[in-house]
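For reference, the structure discussed in these notes is given below.
The sequence lines fix the lettering, A, B, ..., with proteins before strands; numbering per chain opens at 1.
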Protein chains: 2
Amino acid sequence: MAKKPEIPHVVVSRLPIYLRALEHARQEGLTCISSQELGERLSISSAQIRKDLSMFGEYGKQGRGYPVDALIHALRQHLHVDRVWDVVLVGVGDLGHALARYKGFAERGFRIAMAFDKDPAKIGTTAGDLTVEDIRLLARRVQEAGIKIGMIATPAAAAQEVANLLVFAGVRAILNYAPIHLTVPNDVRVEYLDPVIPLQRMTYYL
Amino acid sequence: MAKKPEIPHVVVSRLPIYLRALEHARQEGLTCISSQELGERLSISSAQIRKDLSMFGEYGKQGRGYPVDALIHALRQHLHVDRVWDVVLVGVGDLGHALARYKGFAERGFRIAMAFDKDPAKIGTTAGDLTVEDIRLLARRVQEAGIKIGMIATPAAAAQEVANLLVFAGVRAILNYAPIHLTVPNDVRVEYLDPVIPLQRMTYYL
DNA sequence: GCCGGCTTGTGCAAATTTGCACAAGGAGAC
DNA sequence: GTCTCCTTGTGCAAATTTGCACAAGCCGGC
Ligand SMILES: NC(=O)c1ccc[n+]([C@@H]2O[C@H](COP(=O)([O-])OP(=O)(O)OC[C@H]3O[C@@H](n4cnc5c(N)ncnc54)[C@H](O)[C@@H]3O)[C@@H](O)[C@H]2O)c1
Ligand SMILES: NC(=O)c1ccc[n+]([C@@H]2O[C@H](COP(=O)([O-])OP(=O)(O)OC[C@H]3O[C@@H](n4cnc5c(N)ncnc54)[C@H](O)[C@@H]3O)[C@@H](O)[C@H]2O)c1
């Protein structure tokens, strides 16, 4: 039931990275991988990986390592990506277009099911294999479809308003590309993808 | 001289977020802001903010808070974004195009100065106000221009190869959009922007 | 069947990170 | 000038996170 107290968020935040690396390893034909091998590929200590994985069960075989297929399957289950999540995209400008056409979501558990924009010139046009819809229809459409995940690719000035709308429509997780912090209820999660933030983190060391 | 031992990376990693929030506050006309006010805007404790900022000097005025302009200026200096950094973009597909046209870099210290691709059909075309160049010219051009920051927007299969090339050309910081971990020398920094990672972090809680 | 070589899972200690709580001090009212 | 209000900067304690080191155990070889 209560998951957060059991598994610290730092651990959860590393799981998708393990999963991605394991899927690469599988593509290379590996059937079994040790925590050391995985650690070297990810620049993470092997102890860290073992401890993280052990919080979910004992998947490893002593002497061999972790069976790749089984571990991928288990991680997908724990991350709840052993299914496909519908996602609603808001803002179909340059970035929104690229996202709508991006093939990388489908393989990894996500499908952009709807796209909305405010601009009448955009509404009705196509992006990827979607037709851009009027933002005013968002609440009803998202509610009816039961969509729980939203992606914001509007200008920063509109992002909070869009976030409010998404929350109202029942969205519980938001991926925000706009360079602004969002204020949302406690039971809604937000992740940020402003490319300038990591750039500035790196220039500190240059 | 030695900065890493002095300022922990967790602290550095929050500075760009403070900076972004302060710039928003300035746009709203604020000239002074308390750690509490800033903390509420960012969902960070005020003590955290005070402690972080105090590592760089005493910018606050007791009873008032922090002068917005001066703090912005100071943070920019510490992050080394009190200047404009040239960036090299590799891979001008859907995402690369959006990045090349993105106006949000210039205001915050970055300028995409060159763009390269491998595809002959792309070379010579324009993206934003850049002309796409042949990847084979990258090493020389980047070296001559002294560019230290690279952005990778190629498919994952090409990313490591591109990273090697960038490092060879003198790049010391890489922003990687491809969904794959890169192996680079110790003195080169990499940050990752795979949108599926934060999505999977959120579905854990859904 | 037994041995040697690896690798897991984990108790414990070290290191890092966060948060509390308060003395010190600036600003404005009067 | 003095009093009150508010906020900073920080010592210290709590909580979290990482890493070490090793007993336990699986596997393949002989
Ligand atoms: N372009 C990039 O490469 C890039 C990279 C990182 C982050 N971003 C951020 O992503 C966001 C979008 O960037 P972009 O370059 O695509 O901008 P854009 O101007 O090309 O597109 C923004 C879109 O949002 C729509 N929009 C505006 N207000 C809206 C509202 N209230 N409801 C619904 N739709 C609305 C606009 O009609 C437009 O189609 C910005 O916040 C930007 O800072 C962009
Ligand atoms: N499109 C998106 O919204 C999006 C979002 C997040 C991440 N990504 C990631 O960003 C990367 C690019 O995505 P995209 O949708 O733009 O793909 P794309 O296929 O449209 O573009 C990739 C570009 O890279 C070029 N390229 C290939 N190999 C190269 C090499 N060795 N050197 C130089 N250029 C090379 C190709 O010619 C092409 O122009 C992918 O790794 C993708 O997973 C894309």
Side-chain angles (χ1 to χ4, degrees), chain A residues 2-18 21-22 25 30-75 78 201 204-205, chain B residues 2-18 21-22 25 30-75 78 201 204-205:
Chain A
K3 267 180 178 170
K4 208 166 9 181
E6 287 175 24
I7 312 283
H9 182 68
V10 260
V11 175
V12 173
S13 75
R14 281 189 292 261
L15 296 186
I17 295 171
Y18 298 161
L22 288 166
L30 271 79
T31 60
C32 206
I33 191 168
S34 69
S35 59
Q36 185 160 43
E37 164 78 10
L38 190 56
E40 277 165 18
R41 287 173 177 235
L42 294 175
S43 318
I44 292 179
S45 83
S46 62
Q48 181 85 87
I49 291 174
R50 287 200 301 280
K51 188 157 274 186
D52 286 352
L53 295 180
S54 75
M55 306 195 92
F56 295 91
E58 310 205 347
Y59 297 106
K61 312 280 182 196
Q62 281 142 331
R64 309 285 297 157
Y66 296 85
V68 173
D69 266 328
L71 189 51
I72 286 174
H73 189 71
L75 285 180
H78 291 299
R201 279 176 187 159
Y204 176 82
Y205 299 100
Chain B
K3 266 181 182 170
K4 207 166 10 175
E6 287 175 24
I7 313 282
H9 181 68
V10 259
V11 175
V12 172
S13 76
R14 281 189 292 261
L15 296 186
I17 295 169
Y18 298 161
L22 288 165
L30 271 80
T31 59
C32 208
I33 190 168
S34 70
S35 60
Q36 186 159 42
E37 163 79 8
L38 190 57
E40 278 165 18
R41 287 172 177 237
L42 294 175
S43 319
I44 293 179
S45 83
S46 61
Q48 182 84 89
I49 292 175
R50 287 200 300 281
K51 189 157 272 187
D52 286 352
L53 295 180
S54 75
M55 305 196 93
F56 295 92
E58 312 205 344
Y59 297 106
K61 312 280 183 198
Q62 281 143 333
R64 309 284 300 156
Y66 296 85
V68 174
D69 265 329
L71 188 51
I72 287 174
H73 189 72
L75 285 181
H78 291 299
R201 279 176 186 158
Y204 176 82
Y205 299 99

Exercise. Considering only side-chain heavy atoms of B:Pro8, which listed nucleotide, C:dT17, D:dT17, C:dG9, is closest?
Worked result: C:dT17
Exercise. Does some side-chain heavy atom of A:Leu75 sit less than 4.5 Å from a side-chain heavy atom of A:Leu53?
Worked result: yes
For this session: Report the distance from atom CD of B:Glu37 to atom C1' of D:dT8, rounded to the nearest whole Å.
Result: 16 Å
Exercise. Where does the angle between the aromatic ring planes of B:His78 and B:Phe56 fall among parallel (under 30°), tilted (30 to 60°) and perpendicular (over 60°)?
Worked result: tilted
Problem set entry | Derivation of the ring-ring contact (aromatic ring centres under 6.0 Å, His included) call for B:His9 and A:Tyr205 | CA-CA 10 Å; B:His9 181 68; A:Tyr205 299 100; 5.7 Å; yes
Exercise. What is the distance from CG of A:Leu71 to C1' of C:dT8, rounded to the nearest Å?
Worked result: 13 Å
Exercise. To the nearest Å, how far apart are A:Leu53 CG and D:dG19 P?
Worked result: 15 Å
Exercise. Counting side-chain heavy atoms from CB outward, which of C:dT7, C:dG19, D:dT18 is closest to A:Arg14?
Worked result: D:dT18
For this session: Test for a donor-acceptor pair under 3.5 Å between the base of D:dT7 and the side chain of B:Gln62, counting only N and O atoms.
Result: no
For this session: Look at B:Ser45 and C:dG19 and indicate whether a side-chain polar atom (N or O) is within less than 4.0 Å of OP1 or OP2.
Result: yes
For this session: On DNA chain C, check which nucleotide each of A:Lys61 and A:Lys51 is closest to and give me the residue with the more 5' one.
Result: A:Lys61
Problem set entry | B:Cys32 vs B:Tyr66 side-chain heavy atoms within contact, under 4.5 Å | no
For this session: Specify the separation, in whole Å, of atom CZ of B:Arg50 and atom C1' of C:dA24.
Result: 13 Å
For this session: Could you say whether A:Ala47 or A:Arg64 is positioned toward the 5' end of DNA chain C, judged by the nucleotide with the nearest heavy atom to each?
Result: A:Arg64
Problem set entry | d(OH, B:Tyr66; P, D:dT8) in whole Å | 5 Å
Exercise. How many Å lie between CD on A:Gln36 and P on C:dC6, as a whole number?
Worked result: 11 Å
Problem set entry | A:Met55 CE to D:dT16 C1', straight-line distance once rounded to whole Å | 11 Å
For this session: Step by step, work out the side chain to side chain contact (heavy atoms under 4.5 Å, CB included) result for A:Thr31 and A:Val68.
Result: CA-CA 5 Å; A:Thr31 60; A:Val68 173; 5.6 Å; no
Exercise. What does A:Ser35 touch in the nucleic acid at a heavy-atom separation under 4.0 angstrom: a base, only the sugar-phosphate, or nothing?
Worked result: sugar-phosphate
Problem set entry | Between C:dT10 (C1') and A:Gln48 (CD): distance, integer Å | 14 Å
